[in-house]
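Everything below concerns the one structure shown next.
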Amino acid sequence: MALKERLLAALPFSQDELILLTGTAPFRYKEYTIPKRQPGRYRKIAQPTPELKLLQRWLIANELQELPVHPAATAYKVSVGLLDNVKPHAKNRFLLKIDFENFFPSMTSRNFQRFMVARGTPANDVAMMTNLFFKYDRASGILRLAIGAPSSPTLSNMLMYALDVQISKRCDALGIIYTRYADDLSFSTSVMGLLPAFERELYTIIADYPVLELKINPEKTVHASKKRGRRITGLVISAENSISIGRNRKRLLRSQIDHFQKGRLDADAIESLKGYLAFLNSVEPDQIVRLTSHYGKVLMARLL
């Protein structure tokens with residue numbers, strides 16, 4: 001059964017509706033921007049329409065669920081998160097972090113088509129999925145992955161799998177620990193001088209990867225050490241090798257709880273605070289105990 005028939009059998013669309021949706025899918029996005037952490041910089045978000053989101057989620061769950069994701073990839077996986085991205089590096093003295101430029105948008109329909117054709121997927125199915133997964137970029141005239149589409153995270157891990165394999169093999173040979181959280185790559189070792197030499201080799205491995213045209217953002221490359229402080233995806237590894245959200249975030253968190261206690265937070269800020277406390281509980285449960293001791297069980301129960 002062709003993909004079109006499988007979609008018609010599973011989802012509440014007529015044949016005419018599905019043909020129209022597929023043909024216009026690359027243009028069915030609402031664009032807006034959100035500020036980045038750097039002042040004056042913004043990230044462009046492209047949200048698919050509800051109908052397109054439904055199609056994308058169904059395709060990921062039913063057509064691509066068996067595609068492999070490398071163990072080094074810790075983002076967008078069930079029951080795996082930031083802590084799993086940091087833990088493997090905690091005992092190592094030296095850390096290298098690199099970041100890809102425009103990670104999702106750098107992945108194009110051509111990359112996806114080559115990957116799927118190589119797997120033996122029928123050409124008509126590949127063409128249909130391409131339209132449903134990729135957004136039309138007016139500036140380049142190319143179909144690209146959108147930041148904001150529910151399918152983009154899974155597709156990125158899928159297209160990165162072979163590269164994760166190559167990098168992991170080389171790291172294993174050198175005794176380097178490797179994890180990747182989306183576009184953030186982290187490498188650690190306790191051997192002095194190893195990571196700077198490996199960084200040069202890594203540039204070649206990435207440049208020669210045939211599936212994607214990835215570019216490293218040199219402005220975000222960081223060499224850190226146990227002596228100078230190690231931070232990965234927002235979490236801090238202390239000199240004692242424990243993992244923490246860091247002192248600054250703890251101070252900010254206490255300030256937010258104070259504002260909540262005094263009724264100064266709006267509904268969105270309260271939901272954000274609750275979410276961060278849930279995250280803190282997974283990273284530093286002892287800190288939740290301290291906050292409960294300070295603010296009382298009643299107040300913390302309202303937030304937890």
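Computed from a prediction, not measured in an experiment: that's the story for all the values here.
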Name every donor-acceptor pair, under 3.5 Å, that has one atom in a side chain of residues 192-204 and the other anywhere in the protein, sequence neighbours excluded.
residue	atom	partner	partner atom	Å
Glu199	OE1	His223	NE2	2.7
Glu201	OE1	Arg170	NE	3.4
Glu201	OE2	Arg170	NE	2.4

Over 12 foreign heavy atoms within 6.0 Å of NZ, Lys87
no
Can you confirm whether Leu185 sits close enough to Phe100 that some side-chain heavy atom of one is under 4.5 Å from a side-chain heavy atom of the other?
yes
Should the heavy atoms of other residues, nucleotides or ligands under 6.0 Å from CD of Gln15 be counted, would the total exceed 12?
no
Whether Ser152 side chain and Ala146 backbone form a donor-acceptor pair below 3.5 Å
yes
If you define the side chain from C-beta out and look only at heavy atoms, does anything of Leu163 sit under 4.5 Å from Ile205?
yes
Counting only heavy atoms not in Lys77 (residues, nucleotides, ligands), do more than 12 fall under 6.0 Å from its NZ?
yes
Suppose we screen for side chain to side chain contact (heavy atoms under 4.5 Å, CB included). Which residues come up paired with Arg249, at least two apart in sequence or across chains?
Ile245, Tyr276
With Glu31 via side chain to side chain donor-acceptor pair (under 3.5 Å) - residues at least two apart:
Lys135
Following the transitive rule for hydrophobic clusters with a side-chain heavy-atom cut-off under 4.5 Å over Ile, Leu, Val, Met, Phe, Trp and Tyr, establish whether Leu132 and Met107 coincide in one cluster.
yes
Side chain to side chain, Leu18 and Leu11, heavy atoms closer than 4.5 Å:
no
Give the table of side-chain donor-acceptor pairs shorter than 3.5 Å for residues 115-128, with sequence neighbours excluded, one pair per line with atom names and distance.
residue	atom	partner	partner atom	Å
Thr121	OG1	Met116	O	3.2
Asp125	OD1	Leu3	N	3.1

Less than 4.5 Å apart, side chain to side chain, heavy atoms only: is that true for Phe104 and Arg144?
no
Do you reckon Tyr181 sits in the same ILVMFWY cluster as Ile147, going by side-chain contacts under 4.5 Å, direct or chained?
no
Using the salt bridge (Lys or Arg N to Asp or Glu O under 4.0 Å) criterion, which residues pair with Lys4? Sequence neighbours excluded.
none
Whether over 12 other heavy atoms sit under 6.0 Å from Arg254 CZ:
yes
Taking side chain to side chain donor-acceptor pair (under 3.5 Å) as the definition, give me every residue that meets it alongside Asp84, ordered by chain and number, with sequence neighbours left out.
none
The complete set of ring-ring contact (aromatic ring centres under 6.0 Å, His included) pairs with one or both residues in residues 21-49, sequence neighbours excluded, reads Phe27-Tyr136
Side chain to side chain donor-acceptor pair (under 3.5 Å) involving Ser242 - partner list, sequence neighbours excluded:
Ser238
Applying side chain to side chain donor-acceptor pair (under 3.5 Å), name anything that partners Thr154, two or more places apart in sequence or on another chain.
none
Sequence neighbours excluded - ring-ring contact (aromatic ring centres under 6.0 Å, His included) pairs with any residue from residues 248-270:
none
Taking all non-hydrogen atoms of both residues, which atom of Ala90 and which atom of Ile237 are closest, and how far apart?
O-CG2, 3.7 Å
Quick one: OG1 on Thr49 to CG on Leu54, what's the gap to the nearest 0.5 Å?
9.5 Å
State whether the side chain of Asn102 and the backbone N or O of Pro105 hold a donor-acceptor pair below 3.5 Å, judged by distance alone.
no
Testing Lys169, His70, Arg180 one by one against Asp164 for a side-chain hydrogen bond (donor to acceptor under 3.5 Å, both in side chains), which residue passes?
Arg180
Given 3.5 Å as the limit, does a donor-acceptor pair link the side chain of Ser272 with the main chain of Asp268, or not?
no
Residues in ring pair (Phe, Tyr, Trp, His ring centres under 6.0 Å) with Phe13, at least two apart?
none
Would you please name every residue forming a salt bridge (Lys or Arg N to Asp or Glu O under 4.0 Å) with Glu219, sequence neighbours left out?
Arg41
Please confirm whether the backbone N or O of Asn85 pairs with a side-chain atom of Thr179, one donor and one acceptor, at under 3.5 Å?
yes
Would you say that Phe187 contacts Ile167 through its side chain, given a criterion of any heavy-atom pair below 4.5 Å between the two side chains?
yes
N-O pairing of Arg290 and Glu284 below 4.0 Å
no
Tell me whether Thr22 contacts the main-chain N or O of Ile19 through its side chain, where contact means a donor paired with an acceptor under 3.5 Å.
no
